[in-house]
Amino acid sequence: MPAAQYDLNVDRGSTFKVTLDLEDTAGGAVDLSNYTAEMQVRRSIKDDKMVCQLTTGWPVGCFGPGVTGEFEKGSGVKGHTGGIVLNYQGVTGKILIEIDSQTSYWGFEKPRAFYDLKLNNTGDNSVTSIVKGEIRTSPTLIDTDRNL
């Protein structure tokens, strides 16, 4: 099954949170106990470098560009909070995605970016793209401290 298309709107410089519910084709919640997740955000779908990366290392699974700008996987600056939580609050199939305010401020300087969210089944190592889309960013008038 192809990944769902879901566009996000982020207020630059604000903590961003969204929850998703993952269901199987019969409408039942998918147990995510044996999964990890990763979300990558890039300025364009052809860009090799990221402006934000989220992992299931929540609450410190959010990586941003820091003072060096775009980054390659594994070399982003760790933000204050964020990441991905699977089976959020003990609810089967619920996914929390959180990006801290500094990462949203410095990572989303441009008005749009693109993301995809993939699940890795730790049992059989299969990878499934579940959702992707565009991130539209609204500007902010108040600066956020750049110290990450």
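Since we're looking at a predicted model, the values are computed, not measured. Residue numbers start at 1 and run along the sequence shown.
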*asked:* Under a 3.5 Å cutoff, is there a donor and acceptor pairing between the side chains of Asp11 and Ser138?
replied: yes

*Each residue besides Val91 in its hydrophobic cluster should be listed here, by chain and number; the cluster joins Ile, Leu, Val, Met, Phe, Trp and Tyr at side-chain heavy-atom distances under 4.5 Å.*
none

*Do the non-hydrogen side-chain atoms of Lys110 and Thr137 ever get within less than 4.5 Å of each other?*
no

*Any side-chain heavy atom of Met50 within less than 4.5 Å of one from Val41?*
no

*Any donor and acceptor pair, going by atom type alone, linking the side chain of Thr92 with main-chain N or O of Asp31 inside 3.5 Å?*
no

*Given side chains that start at C-beta, do those of Val10 and Ile99 come closer than 4.5 Å, heavy atoms only?*
no

_Quick check: do Thr36 and Thr122 have side-chain heavy atoms less than 4.5 Å from each other?_
yes

*Is any side-chain heavy atom of Glu38 less than 4.5 Å from a side-chain heavy atom of Asn120?*
no

*Would one find more than 12 heavy atoms of other residues, nucleotides or ligands at under 6.0 Å from atom CD of Gln5?*
yes

*Side-chain heavy atoms of Leu8 within contact of Phe16, under 4.5 Å*: yes

*Output yes when a side-chain donor or acceptor of Asp7 lies under 3.5 Å from a complementary backbone atom of Glu134, and no otherwise.*
yes

*To the nearest 0.5 Å, what is the distance between CG (Leu117) and CD (Gln40)?*
10.5 Å

*Okay, side chain of Asp24, backbone of Gly27: is any donor-acceptor separation there less than 3.5 Å?*
yes

*Grab the two heavy atoms, one from Arg42 and one from Asp48, that are nearest each other, plus how far apart they are.*
NH1-O, 2.6 Å

*Could you state the interatomic distance from SG (Cys52) to CZ (Phe71), rounded to the nearest 0.5 Å?*
6.5 Å

*Does NZ belonging to Lys94 count more than 12 external heavy atoms closer than 6.0 Å?*
yes

*Shortest non-hydrogen separation from Asp116 to Lys132 and the atoms involved*: CB-CB, 3.8 Å

_Short side-chain to backbone donor-acceptor contact, Arg12 and Tyr105, under 3.5 Å_ = yes

_Counting C-beta onward and ignoring hydrogens, is there a side-chain heavy-atom pair between Thr128 and Tyr35 closer than 4.5 Å?_
no

_Less than 3.5 Å apart, any donor N or O on the side chain of Asp100 or Thr103 sitting next to an acceptor on the other?_
yes

*Rest of the hydrophobic cluster containing Leu96 (Ile/Leu/Val/Met/Phe/Trp/Tyr, side-chain heavy atoms under 4.5 Å)?*
Trp58, Val85, Tyr88

*asked:* According to salt bridge (charged side-chain N to carboxylate O under 4.0 Å, His left out), who are the partners of Arg43, at least two apart in sequence or on a separate chain?
replied: Glu70

*Taking C-beta and beyond as the side chain, do Asn121 and Leu119 meet within less than 4.5 Å on heavy atoms?*
no

